[in-house]
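Because the structure is a prediction, the values reported are computed rather than measured.
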Amino acid sequence: MMDFDDPDLGRLLEGASDTDLDGGDFGVVRMDRSGVVAFYNRYESDLSGLSPERVVGRHFFEDVAPCTNNFMVAERFAEESLDEQLDYVFTYRMRPTKVRLRLLKPLVGVYQYLLVRRR
């Protein structure tokens with residue numbers, strides 16, 4: 001099973017199957033480099049109340065979770081590579097929910113990731 005704090009998690013996620021991504025104990029939003037959702041795991045679906053079918057193919061920061069479309073989250077993905085954690089509160093379409101986010105954008109790879117763990 002994958003560990004939210006694993007320093008090598010970016011590389012592991014790039015090679016992970018959908019089944020692997022669904023099996024973790026944290027949310028995984030896999031996006032292409034423009035922010036369009038390619039995969040939305042079960043944990044994140046349960047947390048947000050949004051089904052993967054409703055989310056995949058949509059721009060995460062504009063259409064799915066506009067509460068993250070700011071300098072703290074979305075704008076960080078403009079960096080060439082990224083691996084940061086921060087405490088955050090989700091507020092869109094749900095009551096305020098405290099979470100720990102991990103923003104991952106491996107230097108080499110096809111995807112970028114927003115990982116979510118309840119606090």
Side-chain angles (χ1 to χ4, degrees):
M1 182 158 60
M2 289 187 232
D3 177 9
F4 186 89
D5 296 310
D6 186 336
D8 202 31
L9 188 55
R11 185 186 61 74
L12 296 173
L13 289 169
E14 280 291 299
S17 69
D18 290 355
T19 302
D20 293 336
L21 296 177
D22 249 346
D25 62 351
F26 55 90
V28 177
V29 181
R30 175 186 266 173
M31 298 171 265
D32 69 16
R33 296 290 175 128
S34 70
V36 174
V37 178
F39 183 81
Y40 197 73
N41 82 340
R42 184 175 304 126
Y43 181 104
E44 186 60 21
S45 178
D46 291 346
L47 179 66
S48 70
L50 299 172
S51 69
E53 295 78 21
R54 189 169 171 189
V55 172
V56 171
R58 298 179 68 198
H59 193 277
F60 183 77
F61 303 112
E62 294 173 6
D63 302 327
V64 178
C67 66
T68 62
N69 195 6
N70 57 45
F71 74 96
M72 292 174 56
V73 183
E75 291 178 23
R76 299 297 308 280
F77 284 97
E79 297 178 29
E80 189 174 354
S81 69
L82 176 65
D83 187 355
E84 297 289 332
Q85 290 192 34
L86 66 137
D87 291 330
Y88 201 74
V89 178
F90 280 148
T91 57
Y92 186 67
R93 295 188 184 187
M94 59 195 311
R95 68 175 193 265
T97 304
K98 293 179 180 181
V99 294
R100 179 82 175 162
L101 299 180
R102 185 165 179 193
L103 315 177
L104 270 174
K105 182 179 181 183
L107 185 58
V108 176
V110 177
Y111 299 109
Q112 59 189 19
Y113 300 87
L114 180 88
L115 310 176
V116 182
R117 183 171 61 190
R118 278 186 180 270
R119 340 182 239 134

Is a side-chain donor or acceptor of [X] paired with a backbone partner of [Y] at a separation under 3.5 angstrom?
{"X": "Arg95", "Y": "Thr91", "answer": "no"}
{"X": "Lys105", "Y": "Gln112", "answer": "no"}
{"X": "His59", "Y": "Ser34", "answer": "yes"}
{"X": "Glu14", "Y": "Val110", "answer": "yes"}
{"X": "Ser81", "Y": "Pro106", "answer": "no"}
{"X": "Arg119", "Y": "Val99", "answer": "yes"}

Residues forming a side chain to side chain donor-acceptor pair (under 3.5 Å) with [X], sequence neighbours excluded:
{"X": "Glu79", "answer": "Arg76"}
{"X": "Arg100", "answer": "Gln85, Asp87"}
{"X": "Asp3", "answer": "none"}

Closest heavy-atom contact between Phe77 and Leu104?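 It is CE2-O, 3.7 Å.
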Any chance you could lay out the side chain to side chain contact (heavy atoms under 4.5 Å, CB included) test for Glu75 and Asn70, step after step, and finish with the verdict? CA-CA 6 Å; Glu75 291 178 23; Asn70 57 45; 5.7 Å; no
With heavy-atom distances below 4.5 Å as the criterion, would you say the side chains of Thr97 and Leu47 are in contact?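 When only atoms from C-beta onward are counted, Leu47 and Thr97 do touch, with a gap below 4.5 Å.
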Compare all side-chain heavy atoms of Phe39 with those of Val56 and state whether any distance is below 4.5 angstrom.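 The answer is no; the side chains never approach within 4.5 Å.
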For Asp46, check salt bridge (Lys or Arg N to Asp or Glu O under 4.0 Å) against everything at least two apart and list the hits.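 Here no residue qualifies.
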Residues in salt bridge (Lys or Arg N to Asp or Glu O under 4.0 Å) with Asp83, at least two apart?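 Checked Asp83 against salt bridge (Lys or Arg N to Asp or Glu O under 4.0 Å); matches are Arg102.
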Worked check of side-chain hydrogen bond (donor to acceptor under 3.5 Å, both in side chains) between Arg30 and Tyr111: CA-CA 6 Å; Arg30 175 186 266 173; Tyr111 299 109; 4.9 Å; no
Set out, in order, the CA-CA distance, both residues' side-chain angles and the distance that settles side chain to side chain contact (heavy atoms under 4.5 Å, CB included) for Val36 and Met31, then state yes or no. CA-CA 5 Å; Val36 174; Met31 298 171 265; over 6 Å; no
Under the side chain to side chain contact (heavy atoms under 4.5 Å, CB included) criterion, do Leu103 and Tyr113 qualify, and how do the steps go? CA-CA 6 Å; Leu103 315 177; Tyr113 300 87; over 6 Å; no
Within this structure, what is the CE-SG distance for the pair Met72 and Cys67, rounded to the nearest 0.5 Å?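 Atom-to-atom, Met72:CE and Cys67:SG are 10.5 Å apart.
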Residue pairs fulfilling side chain to side chain donor-acceptor pair (under 3.5 Å) with at least one residue in residues 35-44, sequence neighbours excluded: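 For residues 35-44, and leaving out neighbouring residues, the side chain to side chain donor-acceptor pair (under 3.5 Å) pairs sorted by first residue read Tyr40-Ser48.
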Determine whether [X] and [Y] fall in the same hydrophobic cluster, where Ile, Leu, Val, Met, Phe, Trp and Tyr are linked whenever their side-chain heavy atoms lie under 4.5 Å apart.
{"X": "Phe71", "Y": "Phe90", "answer": "yes"}
{"X": "Phe60", "Y": "Val73", "answer": "yes"}
{"X": "Phe26", "Y": "Val37", "answer": "no"}
{"X": "Leu9", "Y": "Leu82", "answer": "no"}

Cation-pi check for Phe4 against Arg117: NZ or CZ below 6.0 Å from the six-membered ring centre and within 45 degrees of the axis, yes or no?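 Flagged: Arg117 positioned over aromatic ring of Phe4.
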Between Ser17 and Asp20, does any side-chain donor sit less than 3.5 Å from a side-chain acceptor?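 Looking only at side-chain atoms, Asp20 and Ser17 do form a donor-acceptor pair, the distance falling under 3.5 Å.
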Check step by step if side chain to side chain contact (heavy atoms under 4.5 Å, CB included) holds for Val116 and Leu101. CA-CA 5 Å; Val116 182; Leu101 299 180; 3.7 Å; yes
